[in-house]
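These numbers come from a predicted model, not from an experiment.
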Amino acid sequence: MADALETGLGQALTRLTVSTRPRHVHDVTAQVDGWLREIGAGEGLITVFLRHTSASLTIQENADPDVLADLLDALDRIAPAHAGYRHGSEGPDDMPAHIKTMVTGASLAVPVIDGRMDLGTWQGLYLIEHRASGRPRTLTLHYLGT
C-alpha cells in the first residue's frame with residue numbers, strides 16, 4: 001500500500017462554530033463547502049463531527065422546508081420533553097436532546113469531488129439544535145484527500 005506522500009494525499013483540520021437557534025435545523029452546507037474551497041480541496045473525504053451530545057448532524061432534503069419541520073416534529077414524538085426521565089439536572093429538554101442525538105448522530109463522512117461535497121441535487125448538510133435555547137455549537141471538519 002502506498003503511503004500518503006506517494007499518492008499526493010494531504011489533510012486539513014479546522015473547527016467551525018455555529019450559533020444555533022432553539023429547536024432549529026441549521027443548513028451548514030455552504031460553510032463546509034466554503035472551507036473546502038479555502039483549502040483547495042480536490043478529491044477525498046470530509047468528516048464532519050459535532051462536539052456536543054444534545055445536538056446532531058444529518059443529510060436531508062434542501063428543497064422543501066416542510067421536510068425539516070416534519071422531522072423536528074417526528075423527533076419530538078420519539079423523545080418527548082416530559083416523559084419522566086431520570087436525568088434532568090440540565091433542564092427538561094436535555095435528556096430528550098440526548099436521545100435525539102443518539103437517533104440522528106454526531107458525525108458524517110461525505111465524499112468530496114472537484115472540491116465540493118458530493119451531495120445529491122436535493123441534499124444539504126444540517127446541524128440540528130435539539131435544545132429549547134440556542135447556543136454556540138462547534139463542528140470539527142477533517143478533510144483527507146488531494
Side-chain angles (χ1 to χ4, degrees), residues 1 4 9-146:
M1 176 184 255
L9 291 177
Q11 65 179 331
L13 186 68
T14 195
R15 287 195 176 137
L16 172 67
T17 301
V18 177
S19 295
T20 65
R21 295 196 322 247
R23 216 184 145 268
H24 188 77
V25 182
H26 303 269
D27 189 345
V28 296
T29 310
Q31 291 165 286
V32 174
D33 268 337
W35 179 71
L36 289 168
R37 276 191 307 280
E38 282 178 31
I39 65 167
E43 316 293 319
L45 183 71
I46 185 163
T47 302
V48 182
F49 175 73
L50 181 62
R51 302 179 69 226
H52 303 276
T53 60
S54 57
S56 61
L57 296 170
T58 191
I59 293 174
Q60 208 35 260
E61 179 176 321
N62 64 6
D64 184 352
D66 286 344
V67 170
L68 301 175
D70 285 341
L71 289 170
L72 286 175
D73 292 344
L75 288 170
D76 284 343
R77 286 191 297 276
I78 290 169
H82 301 286
Y85 303 109
R86 286 182 284 282
H87 172 70
S89 59
E90 297 177 59
D93 67 328
D94 190 47
M95 190 58 220
H98 291 303
I99 295 168
K100 293 170 187 177
T101 297
M102 184 180 72
V103 170
T104 51
S107 177
L108 294 169
V110 182
V112 175
I113 297 176
D114 276 341
R116 297 193 64 204
M117 288 185 290
D118 191 34
L119 296 173
T121 302
W122 308 112
Q123 290 182 318
L125 193 148
Y126 296 93
L127 185 160
I128 309 171
E129 177 58 69
H130 298 299
R131 298 295 303 269
S133 61
R135 58 197 66 213
R137 299 294 193 169
T138 304
L139 297 168
T140 300
L141 309 180
H142 178 244
Y143 175 74
L144 179 64
T146 60

Chemist: Quick one: OG on S56 to CG on L50, what's the gap to the nearest 0.5 Å?
Modeler: 7.5 Å
Chemist: Among H130, R131, H82, whose side-chain hydrogen bond (donor to acceptor under 3.5 Å, both in side chains) with D93 holds?
Modeler: R131
Chemist: Regarding H142 and Q11, do their side chains bring together a donor and an acceptor under 3.5 Å, going by distance alone?
Modeler: yes
Chemist: Would you call V110 and L45 a side-chain contact if the rule is heavy atoms closer than 4.5 Å?
Modeler: no
Chemist: Taking the side chain as every heavy atom from C-beta outward, state whether E43 and V112 have any atom pair closer than 4.5 Å.
Modeler: no
Chemist: For T20 and H26, test the side chains for any donor-to-acceptor distance below 3.5 angstrom and give the result as yes or no.
Modeler: no
Chemist: Side chains of H87 and D94 only: does a donor on one sit below 3.5 Å from an acceptor on the other?
Modeler: yes
Chemist: Pick from T104, T101, V48: which one makes a side-chain contact (heavy atoms from CB on, under 4.5 Å) with L57?
Modeler: V48
Chemist: To check you understand the geometry: which heavy-atom pair defines the closest contact between Y85 and P80, and what is its length?
Modeler: OH-O, 2.9 Å
Chemist: Between L141 and L13, is any pair of side-chain heavy atoms under 4.5 Å apart?
Modeler: no
Chemist: Are the side chain of E61 and the backbone N or O of D64 linked by a donor-acceptor pair below 3.5 Å?
Modeler: yes
Chemist: Supply the atom-to-atom distance W35 CH2 to R15 CZ, rounded to the nearest 0.5 angstrom.
Modeler: 12.5 Å
Chemist: Can you check whether P22's main-chain N or O pairs, donor with acceptor, with S133's side chain at less than 3.5 Å?
Modeler: no
Chemist: Okay, side chain of T29, backbone of L125: is any donor-acceptor separation there less than 3.5 Å?
Modeler: yes
Chemist: Just by distance, no angles: are the side chains of S54 and R137 close enough, under 3.5 Å, to form a donor-acceptor pair?
Modeler: yes
Chemist: Are any of the side-chain heavy atoms of K100 and I128 separated by less than 4.5 Å?
Modeler: no
Chemist: Considering only heavy atoms from C-beta outward, does the side chain of M117 approach that of I46 to under 4.5 Å?
Modeler: yes
Chemist: Any side-chain heavy-atom pair from Y143 and T47 closer than 4.5 angstrom?
Modeler: no
Chemist: Measure the OG1-CG distance between T58 and L75 for me, rounded to the nearest 0.5 Å.
Modeler: 9.0 Å
Chemist: Supply the atom-to-atom distance D33 CG to R116 CZ, rounded to the nearest 0.5 angstrom.
Modeler: 4.5 Å
Chemist: For R135, I'd like to know if atom CZ has over 12 heavy atoms of other residues, nucleotides or ligands within 6.0 Å.
Modeler: yes
Chemist: Nearest 0.5 Å, please: how far is CD in Q60 from CG in L68?
Modeler: 6.5 Å
Chemist: Restricting to non-hydrogen atoms, name the atom on P96 and the atom on P92 that form the minimum distance, rounded to 0.1 Å.
Modeler: CD-O, 3.2 Å
